[in-house]
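Since the model is a prediction, treat every value here as computed from it, not as a measurement. Both ligands and their constituent atoms are indexed starting at 1 by order of listing. In this chain, residues are counted from 1 in sequence order.
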Amino acid sequence: MNKLITGLFVFFGPMILFAQKTIPIYKDKNVPIEKRIDDLLKRMTLEEKMLQTNQWTYGKNANENNIESIQKGVRAEIGSLIYRSINPVYRNQIMRKAMEESRLGIPILMGFDVIHGYRTVYPIPLAQACSWNTDLVTKACAVAAKESRLSGVDWTFSPMVDVARDPRWGRVAEGYGEDSYANAVFCVASVKGYQGKKLSDPFSIAACLKHYVGYSLSEGGRDYHSSDVSPQTLWETFMPPFQAGVKAGAATLMSGFNDMSGVPASANHYTLTEVLKERWKHDGFVVSDWGSVENLIAQGLAKDRKEAGLKSFLAGVEMDMVDNVYVDFLPQLVKEKKIPVEKIDDAVRRILRLKFKLGLFDNPYVQELPEKERYYQPESMAVAQQLAEESMVLLKNNNQVLPLSNDIRQIALIGPMVKDSVNMMGSWEGQGIASVVETIMEGFEKEFSGKTTLNYAKGCGFEGTDESGFGEAVQTAQKSDVVIVCLGEMKKWSGENASRSTIGLPAIQHRLLAELKKTGKKIILVLSNGRPIELGDMESLSDAIVEIWQPGIAGGTPLAGIISGRLNPSGKLAITFPLVTGQIPIYYNMRQSARPKIGGYQDISNEPKYWFGHGLSYTSFSYGNVKLSSDKLSKKSKLIAQVEVTNTGNRTGKETVFWYVSDPVASISRPMKELKYFEKSELKAGEKKVFKFEIDPERDLSFPDSNGMKRLENGDFYLTINHQRVKFELIN
Ligand code: BGC
């Protein structure tokens with residue numbers, strides 16, 4: 001027997017060794033990634049390279065019976081798919097096809113819009129920003145990444161970091177509000193959550209910063225329209241979140257739909273190549289937005305699809321989302337020598353690099369766990385609840401009508417939002433399921449059961465003119481001690497292609513509130529919406545207002561807890577609420593007016609309804625005097641600012657301290673003030689905490705010029721915290 005084994009080894013041994021040696025370098029996980037890519041590129045035909053630069057969709061229809069045929073239609077060599085199924089088994093089947101049926105076995109990158117959660121739906125990003133809790137946002141993105149990965153997704157088209165300056169634009173829901181610094185900080189927090197410590201970790205997915213760049217300035221807030229972005233504004237406001245995300249290691253970016261002052265974002269060599277690749281040294285890739293290569297024709301930059309492909313590719317868009325322009329025309333353009341082969345190789349290298357970094361060559365398949373082991377895990381639900389709680393903003397609380405007093409016996413819950421589960425999820429609900437969403441009613445039932453009677457009436461729909469429910473609503477209010485009116489926006493009113501000419505709620509909702517007010521009962525208005533709302537008479541008709549945004553899967557319990565007083569609200573607005581739509585744009589860090597005292601509108605106040613940063617608590621905080629380690633600092637030194645904050649109320653609460661810098665005189669005029677740092681902390685009743693901000697001149701006192709070069713200029717600066725303003729000087 002032994003002889004036989006020895007004989008076999010003598011015969012087959014060299015063949016085994018030979019076979020081992022001939023494993024292609026790109027398949028050898030012990031070889032450094034760049035060498036593996038070099039090897040693979042050498043083996044690839046032009047057509048195989050082209051296919052890597054294309055993204056198609058998988059599972060477009062909801063009919064699972066057709067999935068198999070779609071899978072057959074997918075080219076095994078395709079670079080990427082938008083993976084719309086939740087089933088890891090299908091993903092593995094498609095992947096197997098790529099690994100085993102394509103000549104080189106290159107894995108497919110599966111992307112999906114995981115914007116505020118995958119199955120466990122979190123509050124919309126605008127709401128998340130109002131929590132000012134970056135750790136929580138990181139945790140939410142990490143849960144979303146894990147659920148996505150276990151369902152077959154490797155790459156999310158998130159975070160969106162388009163700074164929101166016009167709330168008529170429906171997509172303000174998807175970003176982190178009006179401030180550039182806040183967008184940058186939350187961008188980093190989410191990239192950390194999605195990508196984890198390493199992209200190759202089993203539950204990491206690649207992030208995609210979008211929409212690069214200037215999309216949120218779409219004229220008049222109309223989606224997909226052109227945006228006029230001056231170079232100065234580009235660098236001051238719109239680039240910083242992208243730059244921060246790139247620095248944090250974001251694997252990819254998505255180029256916007258918008259024509260940016262004549263050069264569309266998807267054909268913009270300056271932003272895509274000169275800045276992103278050459279200046280910021282980004283080694284990942286750029287995917288176009290849905291059809292935004294072909295859109296260059298509509299935008300008047302290309303006469304046909306071929307020219308659109310040429311312009312977009314040469315500008316620096318490496319992957320073409322769904323419109324097939326690259327696959328149809330790039331080979332021809334290479335043959336015509338309009339696109340150098342080196343440029344194709346660079347694009348393919350970037351795409352392959354991500355696949356290698358994600359570990360897809362070595363571990364192409366995902367675990368096939370049953371749904372109950374993938375979604376709604378207790379720790380995911382806890383994050384969903386806490387994030388919903390911390391993002392809710394108490395806008396108004398006259399005479400401390402909230403929290404409700406203990407002698408309340410009957411609560412009226414009225415309005416189209418009370419039993420809603422669909423709209424509470426928000427516009428990018430991922431793979432969320434409405435029937436799992438906790439409604440406001442359900443939250444109240446848990447909170448008040450056995451203690452208080454809940455009387456419900458719908459009152460009216462979200463829009464229309466049907467007032468037939470008003471009578472029942474009024475009777476319901478009359479027999480109750482307090483009236484909670486839950487109004488707001490349908491989810492389809494915000495998000496993509498959901499711009500509105502006015503940001504007020506439909507008249508029927510105003511009329512319902514006015515009728516309820518006539519009962520003389522205390523009115524608590526609960527608002528659920530994807531953008532700031534023009535409140536109009538709703539503000540004066542309400543004794544208290546709680547903004548809950550679109551809180552996702554777990555908003556009912558946190559809201560009920562805030563109303564009962566079990567929870568203390570701590571959210572603060574990440575976006576200003578204009579007084580009227582005609583005030584737009586209005587944001588806290590506008591540039592200075594030439595005649596501040598007399599300019600502006602003559603027919604209305606120049607103050608918005610609620611500024612950025614506004615948000616009330618059930619406790620009170622007092623701020624001591626701000627102390628500076630010195631009133632002068634040099635360019636190479638640091639200055640420490642400190643303020644002692646005391647919880648002067650009688651219950652625990654969370655306070656967010658915002659540190660703003662103003663530079664009153666500079667070679668390029670500066671906004672009135674700019675947020676440079678924030679910190680949120682919990683303080684018990686009577687507790688004091690010293691909040692610190694270390695001012696680094698290079699980071700906090702410099703500003704960009706119109707080409708993004710930093711200027712740091714000597715002179716006086718002011719630090720504003722709460723209502724205090726202290727002066728310091730930058731010297732040499
Ligand atoms: C949106 C992107 C999204 C993409 C893929 C586009 O229409 O603008 O934000 O990631 O579709 O779904």
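Between Tyr224 and Trp290, the ring centre distance reaches or exceeds 6.0 Å. Note: Phe313 and Tyr326 meet the aromatic proximity criterion, with ring centroids under 6.0 Å apart.
Of the residues Glu429, Glu147, Glu371, the one that meets the side-chain hydrogen bond (donor to acceptor under 3.5 Å, both in side chains) test with Arg119 is Glu371.
No more than 12 heavy atoms of other residues, nucleotides or ligands sit less than 6.0 Å from atom NZ of Lys146.
Checking only distances, Asp289 does come within under 3.5 Å of ligand 1, N or O to N or O. For ligand 1, one of its N or O atoms has an N or O atom of His211 under 3.5 Å away. Any N or O atom pair closer than 3.5 Å counts here, and Lys210 shares at least one such pair with ligand 1. For ligand 1, the polar-atom distance check against Tyr215 finds no nitrogen or oxygen pair separated by under 3.5 Å.
When each atom of ligand 1 is checked for a heavy atom of Arg171 under 4.0 Å away, the hits are 1 (C), 2 (C), 8 (O), 9 (O). When each atom of ligand 1 is checked for a heavy atom of Met254 under 4.0 Å away, the hits are 2 (C), 10 (O). Of all atoms in ligand 1, numbered sequentially from 1 with element shown, those under 4.0 Å from a heavy atom of Trp290 are 6 (C), 7 (O), 11 (O). Shown in contact with Phe157 at under 4.0 Å from a heavy atom are these atoms of ligand 1, numbered in order with element: 10 (O).
Tyr122 pairs by the ring-ring contact (aromatic ring centres under 6.0 Å, His included) definition with nothing, not counting sequence neighbours.
The closest approach between a heavy atom of Glu174 and any atom of ligand 1 is not below 4.0 Å.
For residues 312-323, every residue pair satisfying the side chain to side chain donor-acceptor pair (under 3.5 Å) rule, not counting sequence neighbours, is listed here: Lys277-Glu318.
For the pair Lys210 and Trp428, the cation-pi test (distance below 6.0 Å, angle within 45°) is passed. With a 6.0 Å cutoff to the six-membered ring centre and a 45° limit on the axis angle, Arg165 counts as a cation-pi contact of Tyr587.
Of the protein's non-hydrogen atoms, Glu496 OE2, 2.7 Å is the one closest to atom 7 (O) of ligand 1. Counting protein heavy atoms only, atom 3 (C) of ligand 1 is closest to Asp113 OD1, 3.3 Å.
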